[in-house]
Chemist: 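One structure coming up, written as structure tokens, with questions to follow.
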Amino acid sequence: MTTPTAADPPGIEAIRAFPKVELHVHMEACLSAERIEELAAGFGIPMLRPIESLFVYATLAEFLEVYEWWCDLLRTAEIAEQLAYDAAAQLSADGIVYAEVLCGPRYWPHLRREPLIEALAAGLERAHGDGHADCRLTPSISREQSAEWAMGLVEWLGASGPSRVVGLGLDGNEELLGRTSPKFTEVYARAAELGLGRTAHSGESSGPDGVWDALEHLHLDRVDHGVRSIEDPRLVEHLAANGVTLNVTPTSNVITGLYPDVDHHPVGPLMAAGVPVTINSDDPKAMNVTLSGEFEKVSRSLGWGLGEVAAATRRAIDAAFCDQEKAASLHRQVDDHVRGLTREPAGKDHHP
């Protein structure tokens, strides 16, 4: 058996063994169908669909409808804490060493936001203590929520929020709810003052205008999705020139009907234009994907070796909302792993 090098086409096991970083993954979508069925039975609620078709969707709107149904089962702080623990363990099993996990209080109608976020952070802390991935939390505002609600969240995070919270997000179907407006401009400015990173979903259910709006009104550090930026050459040039990272999720975009397959996804053209792009899973259990699987698909489509996987991981580290010390540690993990891949086996003669 030969040891793969950084230039070899990577198989799934080599990718899974790579110390990866993920920036666009949703806590609520780390719930398995079996766990959903268990929760529904516990609360005496009939399943929305048979378990084998629960995670089958054709559009973003259909996905969000089913998503909201199972989120209604997430009713206690104990459920939240265990979901966070299980999510970190799940990501760790896929070779992820650091992740920033999005959570949407709007999808937890039975819990107030403060105890929810505290419970999720506690689950992530417990998981890391048990040797699983180091996961941080990015609470998300939903576009239909009020600026007052959002500002209240940010002020609480700044005053007494858990240390595992590192950023602020924004989500919601732009096609139905409208593109990003100035409603949250002051909220995002306050988040920046408090040291929170700023991201938002845009350029998925909206076109490039949605990305322009989010950048203008929220002054983002990075964009979740943003793939339809490819439709506006001026926007692509702006993203490249200003180093705005797009956290793309190829399979998710295929499942919700945005592109026919990964080969037609704009991840390659965006990178060719100089836009910083990271690879992410978005909704692991809910869409039956893993970050390793996403890297394998993109690698096969774009002809990547492990060297490109390493480069994408470094882009994710550079775009992460962690402190410089943690980022440096993550870069060292990548360095060490790559050195291990390229080191000559002991006793083998070196030939130039």
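Side chains included, hydrogens not; waters and symmetry mates left out as well; all remaining heavy atoms used.
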Chemist: Side-chain donor-acceptor pair under 3.5 Å between T249 and N280, yes or no?
Modeler: no
Chemist: With clusters defined by side-chain heavy atoms of hydrophobic residues (ILVMFWY) lying less than 4.5 Å apart, directly or transitively, does W149 cluster with V187?
Modeler: yes
Chemist: Under the 3.5 angstrom rule, does the side chain of H201 hit a backbone N or O of L170 as a donor-acceptor pair?
Modeler: yes
Chemist: So does E237 have more than 12 non-hydrogen atoms from other groups sitting under 6.0 Å from CD?
Modeler: no
Chemist: Mark yes or no: R49 above the aromatic ring of W69, with NZ or CZ under 6.0 Å from the six-membered ring centre and no more than 45 degrees from the axis.
Modeler: no
Chemist: Nearest heavy-atom pair of W70 and A29: which atoms, and what distance?
Modeler: CZ2-CA, 4.4 Å
Chemist: Determine, for D94 against R16, whether the closest basic-nitrogen to carboxylate-oxygen distance falls under 4.0 angstrom.
Modeler: yes
Chemist: Do R339 and D336 meet the salt-bridge criterion of a basic N to acidic O distance under 4.0 Å?
Modeler: yes
Chemist: Quick one: do S299 and E308 satisfy side-chain hydrogen bond (donor to acceptor under 3.5 Å, both in side chains)? Show the steps, please.
Modeler: CA-CA 8 Å; S299 297; E308 285 78 15; over 6 Å; no
Chemist: Testing the basics here: between R315 and T278, what is the closest heavy-atom pair and its distance to 0.1 Å?
Modeler: C-CG2, 4.0 Å
Chemist: If you look at every heavy atom in P139 and V165, which pair is closest and at what distance?
Modeler: CD-CG1, 3.6 Å
Chemist: When the aromatic ring centroids of Y188 and H217 are compared, is their separation below 6.0 Å?
Modeler: no
Chemist: Test question: given the 4.5 Å side-chain rule for I, L, V, M, F, W and Y, name all other residues clustered with L102, or answer none.
Modeler: none
Chemist: Can we say E100 and R222 salt-bridge, meaning some charged N sits less than 4.0 Å from an Asp/Glu carboxylate O?
Modeler: yes
Chemist: Step through it carefully: locate the ring centre of H264, locate the ring centre of Y259, and say whether they are under 6.0 Å apart.
Modeler: no
Chemist: Do D134 and R164 sit within salt-bridge range, that is, some charged N less than 4.0 Å from a carboxylate O?
Modeler: yes
Chemist: Among pairs that include at least one residue of residues 36-47, which meet side-chain hydrogen bond (donor to acceptor under 3.5 Å, both in side chains), considering only residues two or more places apart or in two chains?
Modeler: R35-E38
Chemist: Which residue in the set T251, I279, V277 passes side-chain contact (heavy atoms from CB on, under 4.5 Å) when paired with V298?
Modeler: I279
Chemist: Check the orientation of W212 and H238. Use parallel for under 30°, tilted for 30 to 60°, and perpendicular for over 60°.
Modeler: tilted
Chemist: Mind telling me whether Y67 and Y107 have parallel, tilted or perpendicular rings, with 30° and 60° as the class edges?
Modeler: perpendicular
Chemist: Residues sharing F321's hydrophobic cluster, by side-chain heavy-atom contacts under 4.5 Å among ILVMFWY, directly or via others?
Modeler: V166
Chemist: Are S281 and E22 linked by a side-chain donor-acceptor pair shorter than 3.5 Å?
Modeler: yes
Chemist: Following the transitive rule for hydrophobic clusters with a side-chain heavy-atom cut-off under 4.5 Å over Ile, Leu, Val, Met, Phe, Trp and Tyr, establish whether Y85 and L31 coincide in one cluster.
Modeler: no
Chemist: Within a 6.0 Å radius of atom CG on N288, are there more than 12 heavy atoms belonging to other residues, nucleotides or ligands?
Modeler: no
Chemist: Can you give me the closest heavy-atom contact between F184 and Q145, atom names plus distance?
Modeler: CZ-O, 3.3 Å
Chemist: If you compare all heavy atoms of H26 against all heavy atoms of H24, which two are closest, and at what distance to 0.1 Å?
Modeler: NE2-NE2, 3.6 Å
Chemist: Fit a plane to each ring of W304 and F295, take the angle between them on a 0 to 90° scale, and name the class: parallel (under 30°), tilted (30 to 60°) or perpendicular (over 60°).
Modeler: tilted
Chemist: Looking at P208 and R228, what are the two nearest heavy atoms and their distance?
Modeler: CD-O, 3.4 Å
Chemist: Going by an N to O cut-off under 4.0 Å, is there a salt bridge joining E144 and K183?
Modeler: no
Chemist: Give a yes or no on whether E325 atom CD has more than 12 heavy-atom contacts from other residues, nucleotides or ligands under 6.0 Å away.
Modeler: no
Chemist: Strictly below 4.0 Å, N to O, side chains only: are D261 and K297 in salt-bridge contact?
Modeler: no
Chemist: Would V56 end up clustered with L60 when hydrophobic side chains under 4.5 Å apart are linked, directly or stepwise?
Modeler: no
Chemist: Counting only N and O atoms by type, is there a donor-acceptor contact under 3.5 Å from the side chain of H110 to the main-chain atoms of L74?
Modeler: no
Chemist: Does atom CD of E62 have more than 12 heavy-atom neighbours, drawn from other residues, nucleotides or ligands, at distances under 6.0 Å?
Modeler: yes
Chemist: Is atom CD of E193 surrounded by more than 12 heavy atoms (other residues, nucleotides or ligands) closer than 6.0 Å?
Modeler: yes
